Amino acid sequence: MALVEKTFNDGIGTITLNDQKNLNALSTHLVDDIIAALKQLKTKETRVVIIRAPEGVKVWSAGHDVKELPTGMIDPLTYNDPLRRLVRELQFFPHPIIAMMEGSVWGGGCELVMSCDILIASDKSTFAITPAKLGVAYNLSGVLNFMQNISFPVMKEILFTAQPISAQRAVQIGMINHAVPVEQLEEVTLKMANVIKKNAPLSISVIKEEMRVLAKAFPLNPEDFEKIQGNRRVVYNSADFKEGVSAFFEKRTPVYKGE
Ligand code: LCV
């Protein structure tokens, strides 16, 4: 059974994340269904895609499915892991994607929406980026995605505290485009989609790809990359990472020892 609903109407595709019993946690199954829906919408007729959750959700996405996080000495966020595949699919998708959010967005769910092109949230939404809460060694391209729109000090506050921020704060720091009353959310999103869909799709598509390429256009020497990967291996092999995941499932506050 598909964990997403896909509709298409007059140039606008809509993908609704609908694994509510798992709070839309980004499991391999849910990610594969989102990617499949995106591939089906990759046509000339599509002008805009909206990614959303069902109306009235308290949790838009609980982030990476922690049950799927390997804690056995292997990197939890490598190139072909579900979240990494999904982020690339969104960024390479040839048409604008609008993330329409209500409720709370957690961890990898924030990277999902931040990999979309335009973000519109209800003014009661919250956003929390949580690797530091779980002891996770986030990966380089993920951190780069977080850095795109937000200044270093503000991004470090969000990452190091791992605390939710309000939609208003997210607009203020440039993380999302608009925060609107929930009753206006769908209307505002559709209005923007209908304006975009009347513009030149080839021009929009090449601008989206230019911005994707330019955002990643800076040298990283192989030795620096290998140093980071070595540092990350210490983190994902650490007792702290195991403690973070155990504490999550035991519903208790983790006690980190820096080892
Ligand atoms: C698996 C879950 C999850 C979940 N996975 O309901 O960015 S990184 O690096 O951190 C990355 C690794 C990442 O994205 O990690 C996940 C980050 N996500 C979070 O920190 C959110 C964790 N979840 C929560 O704080 C709460 O569940 C929220 C506030 C989302 C909802 O709270 P609520 O009281 O409504 P419960 O907490 O009771 O959750 C219901 C069930 O869903 C499971 C959770 O363990 C519980 O399972 P049981 O019923 O078996 O106890 N669950 C929640 N989030 N990301 N499972």
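Both counts, for ligands and for their atoms, begin at 1 and track the order of listing. The figures here come from the full heavy-atom set of this structure, side chains too, leaving out hydrogens, waters and symmetry mates. Numbers for residues simply follow the sequence, beginning at 1. Small disclaimer: the values here were computed from a predicted structure and weren't measured.
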Point to revise | Heavy atom of the protein closest to atom 30 (C) of ligand 1 (residue, atom name, distance) | key: W106 NE1, 3.7 Å
Review point. When you check the side-chain N and O atoms of T28 and E68, is any donor under 3.5 Å from an acceptor?
Key: yes
Check your understanding: Which of the atoms in ligand 1, numbered in the order shown and given with their element, are less than 4.0 Å from a heavy-atom of Y138?
Key -> 7 (O), 9 (O)
Exercise for review: Among all protein heavy atoms, pick out the one at the shortest distance from atom 54 (N) of ligand 1; state its residue, atom name and that distance to 0.1 Å.
Suggested key: A62 CB, 3.5 Å
**Study point:** Shortest protein contact, atom 10 (O) of ligand 1 (heavy atom only)
**Key:** T130 OG1, 2.7 Å
Check your understanding: For atom 20 (O) of ligand 1, what's the nearest protein heavy atom and its distance?
Key -> K133 NZ, 2.9 Å
Point to revise | ligand 1 versus V66: contacting region, heavy-atom distance under 4.0 Å | key: both
Check your understanding: Should the pair R88 and Y79 be classed as cation-pi, given the thresholds of under 6.0 Å to the six-membered ring centre and 45° from the axis?
Key -> yes
Exercise for review: Taking atom types as modelled, find out whether Q20 and N22 have a side-chain donor-acceptor pair closer than 3.5 angstrom.
Suggested key: no
Review point. Would you say the side chains of D117 and Q91 form a donor-acceptor pair under 3.5 Å?
Key: no
**Study point:** Any protein heavy atom nearer than 4.0 Å to atom 36 (P) of ligand 1
**Key:** no
Practice item. Measure the shortest side-chain to side-chain distance between D65 and L26 over non-hydrogen atoms and say whether it is less than 4.5 angstrom. Key: no
Check your understanding: For ligand 1, which atoms have a heavy atom of G107 less than 4.0 angstrom away?
Key -> 7 (O), 14 (O)
Practice item. Would you kindly specify which portion of K251 sits under 4.0 Å from ligand 1, judged on non-hydrogen atoms: side chain, backbone, both or neither? Key: side chain
Revision key, fill the gap. Closest to atom 56 (N) of ligand 1 among protein heavy atoms sits K67 NZ, 3.7 Å
Exercise for review: Mark yes when over 12 heavy atoms from residues, nucleotides or ligands other than E183 sit less than 6.0 Å from its CD; otherwise mark no.
Suggested key: yes
Practice item. Look up atom 43 (C) of ligand 1 and tell me if a protein heavy atom lies less than 4.0 Å from it? Key: no
Check your understanding: If we only count heavy atoms from C-beta on, is the P54 to T16 side-chain gap below 4.5 Å?
Key -> yes
Review point. If you count the atoms of ligand 1 from 1 in the order shown, which ones are under 4.0 Å from a heavy atom of D65?
Key: 1 (C), 5 (N)
Exercise for review: Indicate whether atom 32 (O) of ligand 1 is within a distance of less than 4.0 angstrom of some protein heavy atom.
Suggested key: no
Exercise for review: Would you mind running through ligand 1 and noting each atom that sits below 4.0 Å from a heavy atom of V136?
Suggested key: 9 (O), 12 (C)
**Study point:** Of V66, T71, V235, L69, the residue whose pairing with V136 passes side chain to side chain contact (heavy atoms under 4.5 Å, CB included)
**Key:** L69
**Study point:** G63: numbered ligand 1 atoms lying under 4.0 Å from its heavy atoms
**Key:** 14 (O)
Practice item. Taking atom CZ of F249 as the centre, report whether more than 12 heavy atoms of other residues, nucleotides or ligands fall under 6.0 Å from it. Key: yes
Check your understanding: Which protein heavy atom lies closest to atom 15 (O) of ligand 1, and at what distance to 0.1 Å?
Key -> L134 CD1, 3.3 Å
Point to revise | Ligand-side contact atoms (ligand 1) for residue partner G108, heavy atom cut-off under 4.0 Å | key: 7 (O), 13 (C), 14 (O)
Practice item. Just need the protein heavy atom nearest to atom 13 (C) of ligand 1, so name the residue and atom and give the distance. Key: H64 CB, 3.3 Å
Study note, to complete from the structure: Short version for L23: what comes under 4.0 Å of ligand 1, heavy atoms counted, is side chain
Check your understanding: Among side-chain atoms of T78 and D81, is any donor-acceptor pair under 3.5 angstrom?
Key -> yes
Practice item. Starting from atom 23 (N) of ligand 1, find the nearest protein heavy-atom neighbour and note its residue, name and distance. Key: F248 CE1, 4.1 Å
**Study point:** Sub-4.0 Å protein heavy atom near atom 50 (O) of ligand 1
**Key:** no
Check your understanding: Are R52 and E186 close enough, and set up right, to give a salt bridge (charged side-chain N to carboxylate O under 4.0 Å, His left out), and what steps lead you there?
Key -> CA-CA 10 Å; R52 60 169 298 167; E186 189 157 354; 3.3 Å; yes
Review point. Between the main-chain N or O of K133 and the side-chain N or O of T130, is there a donor-acceptor pair closer than 3.5 Å?
Key: no
**Study point:** Sub-4.0 Å protein heavy atom near atom 28 (C) of ligand 1
**Key:** no
Check your understanding: Strictly by modelled atom types, are K197 and N194 linked by a side-chain donor-acceptor pair under 3.5 Å?
Key -> yes
